[in-house]
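The structure presented is a predicted model; accordingly, all values stated were derived computationally and were not measured.
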Amino acid sequence: MNRVLSGIKPTGQLTLGNYLGALKHFKKFQDAGEVFVFIADLHALTLPIEPETLRTNTRDLVAFYLASGLDPKRATIFLQSHVSAHSELNTIFQNYLYMGELSRMTQYKDLSYKMNNNAIGLGLFAYPVLMAADILLYDAAIVPVGDDQIQHVELARDLVNRFNKRYGDILVMPKAQVNKVGARIMSLSDPMRKMSKSDSKGDIFLKDDLATIRKKIMASVTDSGSEVIYDLDNKPGISNLLTIYAATKDISIAEAEKYFSGYRYGDFKKAVADAVIEELSPFKERYEQIIQGDEIEKVLKDGASRARIIAEATLKRVKNAIGLLDVK
Ligand code: TYM
């Protein structure tokens, strides 16, 4: 089986990083196999969020999925909270992942550090448990994600090994699929920091208008020297722009570097801005149409009923395996 599953959290505004690292790639899998793409709305609760913001972000994300070319007939698009098997399997899996390994997760360490003295919810700590449930419920073989989620998928793999060793061949082993180019897009104002939904400076949001996107790219940090070359140590800003260009155009970094040899920084930035705008402009138009239409609810309803069939079958298999009594 070649099932593909991925998800995005509706926590903040989607960035160019989310687009190039994940979203853009989902549709490629539609023809080859079964694709499940969901909105991790329960995961969005792991950091404080206003109810209205969560609702808006969730609808936005469905519209972005559709605008990216996902076809709801071929891809199952649904909300995590609409399929209760996620929460049930989460409860079971809590007993098969350990506090020590959860406390070593980079995302947990980063986010809990950012929380400063605020209370850190148990959900943030246990984030990868629910994520393992998300993946394993669908017997997913391939999980397309950006760089920062590899560690969580690895933990889901550890869980499969642990679980299957004890109960037999019950869970399917997933594998993270990370693109060579664009798996880690950095901030335009601080290329040592990942572009993320919670930081507005230097991050391109998919909802930014085209003029703002151009302005942010033109204002990106300029490294010393004048040559456009990929050199992470000495030219992190230029290297990030080369990555953005290459990921946008689906070419390698070497090809992008060759193309820009002899360019000055200013013209290079302009070309990167042109490429990003050319890519995002039709995408944003489709988003605008979808968000104003009435397709979203129907897509989510259909998606949830399709997802439930697969998820409930897996949950039943797991419950039987561990000895939870089934009565007819
Ligand atoms: P999230 O919502 O943080 O990010 C969604 C996807 O975007 C990728 N990404 C990036 N890629 C390149 N450069 C960046 N700067 C960048 N920032 C984010 C992420 O790697 C991700 O692929 N835990 C997940 C949601 C989730 C999930 C799952 C994913 C929940 N359950 C099961 C896959 C399978 C998350 O928070 O992604």
Ser187 side chain reached by Lys194 side chain, heavy atoms, under 4.5 Å
no
Could you walk me through whether Leu111 and Gln107 pass side chain to side chain contact (heavy atoms under 4.5 Å, CB included), step by step?
CA-CA 6 Å; Leu111 292 176; Gln107 180 174 299; 3.7 Å; yes
Any Pro128 side-chain heavy atom under 4.5 Å of Gln149 side chain
no
Derivation of the side chain to side chain contact (heavy atoms under 4.5 Å, CB included) call for Asn57 and Ile49
CA-CA 10 Å; Asn57 291 350; Ile49 186 162; 4.1 Å; yes
Side-chain donor-acceptor pair present, Tyr287, Asp60, cut-off under 3.5 Å:
yes
In terms of heavy-atom contacts, does CD of Glu88 have more than 12 from other residues, nucleotides or ligands at under 6.0 Å?
yes
Mind listing the closest non-hydrogen atom pair of Ala140 and Leu5 along with its distance?
CB-CB, 3.7 Å
Side chains of Ser224 and Lys235: do they bring a donor and an acceptor to under 3.5 Å?
no
Residue pair Asn234 / Asp231, side-chain donor-acceptor N/O under 3.5 Å
yes
Evaluate whether atom NZ of Lys175 has more than 12 neighbouring non-hydrogen atoms of other residues, nucleotides or ligands under 6.0 angstrom away.
no
Taking every heavy atom of Met115 against every heavy atom of Leu47, the minimum-distance pair comes out as SD-CD2, 3.6 Å
Considering only NZ, NE, NH1 and NH2 on the basic side and carboxylate oxygens on the acidic side, decide whether Asp274 and Lys270 come within less than 4.0 Å.
yes
If I take atom OG1 from residue Thr314 and atom CG from residue Asp139, how far apart are they, to the nearest 0.5 angstrom?
4.5 Å
So Phe268 and Phe260, would you call those rings parallel, tilted or perpendicular, with 30° and 60° as cut-offs?
perpendicular
For Met195, does its backbone N or O pair with a side-chain atom of Asp203 as donor and acceptor, under 3.5 Å?
no
Quick one: do Val35 and Arg3 satisfy side chain to side chain contact (heavy atoms under 4.5 Å, CB included)? Show the steps, please.
CA-CA 6 Å; Val35 180; Arg3 202 171 279 152; over 6 Å; no
CD of Gln30 to CG of Leu70: how many Å apart, nearest 0.5 Å?
5.0 Å
Taking CE in Met173 as the centre, count heavy atoms belonging to other residues, nucleotides or ligands within less than 6.0 Å. Is the count above 12?
yes
Surrounding OH of Tyr96 (heavy atoms of other residues, nucleotides or ligands, distance under 6.0 Å), is the total greater than 12?
yes
Heavy-atom side-chain contact between Glu34 and Thr76 under 4.5 Å
no
Modelled atom types, side-chain donor and acceptor of Asp209 and Thr212, under 3.5 Å
yes
Compare all side-chain heavy atoms of Val37 with those of Ile8 and state whether any distance is below 4.5 angstrom.
no
Nearest non-hydrogen partners of Ile120 and Ser112, listed with the distance
CD1-CB, 3.3 Å
For the student: nearest non-hydrogen atoms of Lys28 and His25, plus distance
NZ-ND1, 2.6 Å
Do side-chain atoms of Ser305 reach the backbone of Lys301 as a donor and acceptor pair under 3.5 angstrom?
yes
Between Leu45, Leu102, Thr46, which is the residue that forms a side-chain contact (heavy atoms from CB on, under 4.5 Å) with Leu124?
Thr46
Report yes if the side chains of Met186 and Pro236 come closer than 4.5 Å at any heavy-atom pair, otherwise no.
no
Short question: side chain of Ser6, backbone of Pro144 - any donor-acceptor pair under 3.5 Å?
yes
How are the rings of Phe93 and Phe163 set to each other: parallel, tilted or perpendicular (split at 30° and 60°)?
perpendicular
Assess the side chains of Thr15 and Asn18: does a donor N or O sit below 3.5 Å from an acceptor N or O?
yes
Please check this pair: side chain of Asn179 against backbone of Val181, looking for a donor-acceptor N/O pair closer than 3.5 Å.
no
Under a 4.5 Å cut-off applied to non-hydrogen side-chain atoms, are Val153 and Ile135 in contact?
yes
Can Arg317 and Glu312 be said to form a salt bridge (charged side-chain N to carboxylate O under 4.0 Å, His left out), step by step?
CA-CA 9 Å; Arg317 202 165 74 230; Glu312 278 166 16; over 6 Å; no
Spacing of CD1 belonging to Ile277 relative to CZ belonging to Arg214, to within rounding of 0.5 Å:
4.0 Å
Check the pair Ser81 / Asp41 against side-chain hydrogen bond (donor to acceptor under 3.5 Å, both in side chains), numbers first and verdict last.
CA-CA 6 Å; Ser81 66; Asp41 53 352; 2.5 Å; yes
Using atom types as modelled and distance alone, determine if a side-chain donor or acceptor of Asp147 lies under 3.5 Å from a backbone N or O of Arg184.
no
Apply the test salt bridge (charged side-chain N to carboxylate O under 4.0 Å, His left out) to residues Lys258 and Glu255: give CA-CA distance (whole Å), side-chain angles for both, the deciding distance (0.1 Å), then the verdict.
CA-CA 5 Å; Lys258 201 164 149 209; Glu255 284 170 313; over 6 Å; no
For the residue pair His43 and Leu130, establish whether any side-chain heavy-atom pair is separated by less than 4.5 Å.
yes
Between Ala256 and Ala246, which heavy-atom pair has the shortest distance, and what is it?
CB-CB, 4.2 Å
For Arg264, I'd like to know if atom CZ has over 12 heavy atoms of other residues, nucleotides or ligands within 6.0 Å.
no
Answer with yes or no whether the side chains of Gln94 and Thr91 bring together a donor and an acceptor at under 3.5 Å.
no
Tyr19 and ring pair (Phe, Tyr, Trp, His ring centres under 6.0 Å): which single residue from Tyr65, Phe26, Phe205, Phe283 fits?
Phe283
Please test Leu16 against Ile213 for side chain to side chain contact (heavy atoms under 4.5 Å, CB included), starting from the C-alpha separation and ending with a verdict.
CA-CA 10 Å; Leu16 185 64; Ile213 292 176; over 6 Å; no
Euclidean distance, Leu54 CG relative to Thr11 OG1, rounded to 0.5 Å:
9.5 Å
Looking only at the side chains, is there a donor atom on one of Glu279 and Thr248 sitting less than 3.5 Å from an acceptor on the other?
no
Do the two ring centres, one from Tyr108 and one from Tyr127, sit under 6.0 Å apart?
no
Is there a side-chain contact between Lys207 and Phe64 in this structure, where contact means two heavy atoms from C-beta onward sitting under 4.5 Å apart?
yes
Look at the side-chain heavy atoms of Ile, Leu, Val, Met, Phe, Trp and Tyr, link any pair under 4.5 Å apart, and say whether Leu42 and Leu79 land in one connected group.
no
Lys284 atom NZ: more than 12 heavy-atom contacts under 6.0 Å
yes
Would a distance-only check, ignoring hydrogens and angles, find a side-chain to backbone donor-acceptor pair under 3.5 Å from Asp223 to Gly237?
yes
Would you name the heavy atoms of His82 and Ala304 that are closest together and state the gap between them?
CB-CB, 3.8 Å
Do other residues, nucleotides or ligands put more than 12 heavy atoms under 6.0 Å from Asp326 CG?
yes
Regarding Asp134 and Gln80, is there a side-chain donor-to-acceptor distance under 3.5 Å anywhere?
yes
Using a 3.5 Å distance criterion without hydrogens, assess whether the side chain of Arg306 forms a donor-acceptor pair with backbone atoms of Ala75.
yes
For Leu136, which of Val172, Val160, Val318 qualifies under side-chain contact (heavy atoms from CB on, under 4.5 Å)?
Val160
